[in-house]
Amino acid sequence: MAWGGVGFVGAHLNVAVTSYTTSTVPAAVLGRVSSTLDVLAGAAMPVGLVADGYAVQTLGPQPAALTVTAVIAVLAVAATALIPSTSLSLPPRPPSPSNQRVENPTST
């Protein structure tokens, strides 16, 4: 159940992050930004696995799980508090052609 929830939430987060990145990052540097995000996310996995191994060996399985849960909760609250609410809004979209006002050159 938990792994299914992680997969469900993770898939939606991937779509949200990709949508936000492609709508806010200039096309000229989008590849670099996407690659940097992939490297950072990919590097977190082996670092976490090594750290988890040491935590389980040192603390035991249950205390290590509780410690990791607490650390993740603190990081989530801190990251949420540090992000200004204005940076979360997407830039305005340009008007679509159907919504633009068309001037009638024959009217006076």
Side-chain angles (χ1 to χ4, degrees):
M1 291 280 290
W3 194 248
V6 167
F8 181 77
V9 171
H12 287 84
L13 285 175
N14 286 339
V15 170
V17 168
T18 302
S19 297
Y20 181 78
T21 302
T22 56
S23 66
T24 57
V25 174
V29 294
L30 184 58
R32 292 178 184 168
V33 171
S34 296
S35 297
T36 302
L37 291 174
D38 288 346
V39 166
L40 291 175
M45 178 77 73
V47 170
L49 291 172
V50 169
D52 185 47
Y54 283 119
V56 170
Q57 184 178 7
T58 304
L59 304 173
Q62 189 170 6
L66 293 173
T67 303
V68 168
T69 302
V71 168
I72 290 173
V74 168
L75 290 174
V77 169
T80 303
L82 292 174
I83 298 173
S85 61
T86 55
S87 70
L88 296 177
S89 61
L90 292 175
R93 297 185 111 166
S96 64
S98 62
N99 293 339
Q100 291 180 347
R101 185 176 157 193
V102 177
E103 296 292 329
N104 187 353
T106 60
S107 64
T108 55

Undergrad: Treating Ile, Leu, Val, Met, Phe, Trp and Tyr as nodes and any side-chain heavy-atom pair under 4.5 angstrom as an edge, say whether Val29 and Leu37 lie in one connected cluster.
TA: yes
Undergrad: Sub-3.5 Å donor-acceptor pair from the side chain of Thr58 to the main-chain atoms of Ala55, do we have one?
TA: no
Undergrad: Quick one: closest heavy-atom pair of Ala43 and Pro46, and the distance?
TA: O-CD, 3.4 Å
Undergrad: Measure across Pro63 and Leu59 and return the closest heavy-atom pair with its distance rounded to 0.1 Å.
TA: CG-O, 3.3 Å
Undergrad: Is there a continuous path of hydrophobic side-chain contacts, each under 4.5 Å between heavy atoms, that joins Val56 to Leu66?
TA: no
